[in-house]
Amino acid sequence: MSYTTVYRFQDLNGYESVISKANSDMTYEGFGRILLSPGQTLEYKVTGEEQAIVLQQGDMTCWVEYEGVTVVDGAKGQRGNVYDDLPTALYVPPKATVKLYSEKGMEARVFTAYCEEGNAPYFCPPENIEEGEPGEYIYKRKYRFIFGQPGKHNDHITKLLIVGETVSVPGGWIGFPAHRHDYERPGKECVLDEIFSFQMTSTEDGPGRGGVMQHGYDLTDENKKIWDEVNVIEENNTAVALPTGYHTTVALPGTRAYLLWGLAGDTKKYKVQFDERYSWLEGCLY
C-alpha cells in the first residue's frame with residue numbers, strides 16, 4: 001500500500017485534471033494543469049470548487065466573469081522560469097467563468113478546493129507576492145507566499161486554499177523538519193490536505209536532470225514507525241498527494257528544486273503542524 005502517491009501529467013492540451021477525489025484519498029483538495037499553445041484560448045466555468053492558477057512559464061492574459069460582472073478584464077502576466085522569477089497567479093471562485101489566452105504559449109498549475117461559495121476573483125501580479133530567503137547552508141531557500149493562511153500575505157483572497165512556492169539551494173532541504181497537517185487541535189490547527197508539485201534543474205546536467213527525494217512517514221503515540229516511504233522524483237511533470245503523515249523534501253546533490261505547494265481543509269484556520277520535539281526549528285518550514 002502506498003501512502004504518498006506520485007501523479008504524472010499526461011501533457012494534455014488545455015485543462016488536465018491530475019488529482020481529484022476520483023483517483024486519490026484527498027478529501028478537500030485537487031490539482032490540475034493548463035497547457036496552451038501559442039495563440040490558443042481556453043474558456044471554462046468553475047463548478048463546485050475554487051481554483052488558484054499559478055503561472056509556471058510563458059504568458060497569459062486573463063478574464064474572469066463573476067455574478068454577471070467582468071471582475072478581471074484582460075490582466076496580463078508572464079514568467080521566464082520558476083527559479084528566478086516571481087509568479088503571476090489568478091484566484092477563481094466557484095460559479096465564475098475564466099478565459100485565458102496565451103500569445104506565445106504557457107504552462108500553469110492549478111490547486112482546487114471543493115466548495116460552493118468563494119470570494120471575489122483576484123489577479124495577483126508578481127509585485128504582490130511576498131518573498132523571503134530564510135535559513136542557512138543547505139536549509140537556505142526562497143519562500144513565496146501567494147495566497148496565505150490567516151496572518152500571512154494575501155490571507156483574504158481565497159476561501160479555503162493556501163498556496164505558495166519554495167526554491168531550494170542545490171542539494172538543499174524544503175519543509176524540514178518533517179511536519180504534518182492531518183490532525184485536529186481545536187482552536188489551533190485543523191485537518192488539511194496538501195499537494196506538492198515539483199520542477200528541478202541540475203547545476204551540471206541542465207533542466208530536469210537532477211532529482212528530489214520526497215520522504216513521508218507516520219508514527220504511533222509512542223513514536224514507533226507505522227509506515228515509511230521515500231519517492232525519488234526525477235521529472236518535472238509530477239505532483240504528489242499528501243493526505244496523511246509527516247513529510248519533508250530534499251534535493252539531490254547538484255539539484256536546485258522548485259516546490260509549488262497548496263493546502264486546503266474544512267476551515268482556513270492554519271498553523272504549520274510539526275513534531276513538537278523540533279519546535280525550535282519552526283522557522284525552517286517551507
Side-chain angles (χ1 to χ4, degrees), residues 1-11 18-19 24 31 33 54-57 79-87 107 109 111 131-144 146 163-181 194-219 225 227-263 272 274-275 278 281-286:
M1 178 178 179
S2 177
Y3 293 88
T4 56
T5 305
V6 179
Y7 296 80
R8 288 176 172 79
F9 313 150
Q10 299 180 54
D11 293 333
V18 178
I19 300 174
S24 75
F31 184 79
R33 188 196 196 203
V54 182
L55 184 64
Q56 301 290 284
Q57 62 182 10
R79 194 176 196 183
N81 68 77
V82 296
Y83 309 102
D84 304 312
D85 300 333
L86 294 175
E107 177 195 1
R109 301 185 183 184
F111 292 106
E131 183 177 49
E133 197 168 5
E136 298 291 341
Y137 308 112
I138 60 172
Y139 309 105
K140 190 178 184 69
R141 75 277 183 214
K142 292 181 180 178
Y143 73 80
R144 299 163 182 158
I146 301 173
V163 178
E165 301 179 339
T166 306
V167 180
S168 78
V169 297
W173 287 87
I174 298 174
F176 183 86
H179 58 285
R180 68 189 306 166
H181 310 289
E194 184 161 27
I195 293 173
F196 288 167
S197 185
F198 296 97
Q199 293 194 50
M200 62 209 75
T201 183
S202 170
T203 55
E204 296 180 359
D205 298 326
R209 296 289 184 174
V212 299
M213 288 195 298
Q214 177 64 48
H215 184 206
Y217 62 92
D218 204 356
L219 303 172
K225 285 282 178 70
W227 56 269
D228 193 338
E229 295 178 350
V230 173
N231 288 294
V232 179
I233 298 169
E234 299 176 294
E235 299 175 337
N236 290 338
N237 62 342
T238 56
V240 178
L242 302 167
T244 186
Y246 292 88
H247 46 269
T248 187
T249 307
V250 63
L252 299 181
T255 299
R256 190 181 183 197
Y258 163 83
L259 172 58
L260 177 66
W261 47 268
L263 303 103
V272 170
F274 57 94
D275 191 319
Y278 302 108
L281 273 176
E282 181 177 4
C284 289
L285 297 173
Y286 297 115

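Worth saying up front: this structure is predicted, and the values here are computed from it rather than measured.
- The shortest side-chain heavy-atom distance between P87 and I146 falls under the 4.5 Å cut-off.
- S168 places a side-chain N or O within donor-acceptor distance of the main-chain N or O of A257, the cut-off being under 3.5 Å.
- One finds the CD1 atom of I174 at 12.0 Å from the NE2 atom of H247 (value rounded to the nearest 0.5 Å).
- Put simply, the side chain of V230 does not reach to within 4.5 Å of the side chain of Q214, judged on heavy atoms.
- No donor-acceptor pair under 3.5 Å is formed between the side chain of D218 and the backbone N or O of T244.
- A salt bridge is absent between R144 and D85: the closest approach of a Lys/Arg side-chain nitrogen to an acidic carboxylate oxygen does not fall below 4.0 angstrom.
- Looking at heavy atoms from C-beta onward, T201 lies out of side-chain contact with T255 at the 4.5 angstrom threshold.
- Distance alone, capped at 3.5 Å, is enough to place a donor-acceptor pair between the Y83 side chain and the M200 backbone.
- With rounding to the nearest 0.5 Å, the separation of CD1 in I233 from OG1 in T249 is 7.5 Å.
- Between Y258 and F198, the distance separating the two ring centers is not shorter than 6.0 angstrom.
- Under the 4.5 Å side-chain criterion, counting only non-hydrogen atoms from C-beta, E133 is not in contact with R141.
- Residues passing the side chain to side chain contact (heavy atoms under 4.5 Å, CB included) test with S24 are Y7, I19, M26, sequence neighbours excluded.
- Using a 4.5 Å heavy-atom threshold, the side chains of K225 and Y217 count as touching.
- Remark: Q10 engages L12, E16 in a side chain to side chain contact (heavy atoms under 4.5 Å, CB included) (not counting sequence neighbours).
- Judged by distance alone, with hydrogens and angles left aside, the side-chain atoms of T248 form no donor-acceptor pair with the main-chain N or O of H215 at under 3.5 Å.
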Task: Residues Q57, V82; criterion side-chain contact (heavy atoms from CB on, under 4.5 Å); working and verdict - done: CA-CA 7 Å; Q57 62 182 10; V82 296; over 6 Å; no

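- Under the side chain to side chain contact (heavy atoms under 4.5 Å, CB included) criterion, V169 pairs with K140, sequence neighbours left out.
- Separating the CG atom in L263 from the CG atom in L242 is a distance of 9.0 Å, to the nearest 0.5 Å.
- Remark: of the listed residues R79, Q56, R33, R33 is the sole one forming a side-chain hydrogen bond (donor to acceptor under 3.5 Å, both in side chains) with E107.
- Note that CE of M213 and CG of L252 are 5.5 Å apart. Values are rounded to the nearest 0.5 Å.
- Between W261 and F196, a ring centre-to-centre spacing not shorter than 6.0 Å is recorded.
- Contact of the V212 side chain with the V250 side chain is not registered, since no non-hydrogen atoms from C-beta on lie closer than 4.5 Å.
- Between the side chain of E194 and the backbone N or O of P243 there is no donor-acceptor pair closer than 3.5 Å.
- Contact record, Y143 with P134: CD2-CD, 3.5 Å, taken as the closest heavy-atom pair.
- Side-chain N/O atoms of R109 and S197 include a donor and acceptor closer than 3.5 Å.
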TODO: Would you sort out whether F31 and F9 count as a side-chain contact (heavy atoms from CB on, under 4.5 Å), showing the intermediate values?
DONE: CA-CA 11 Å; F31 184 79; F9 313 150; 3.7 Å; yes

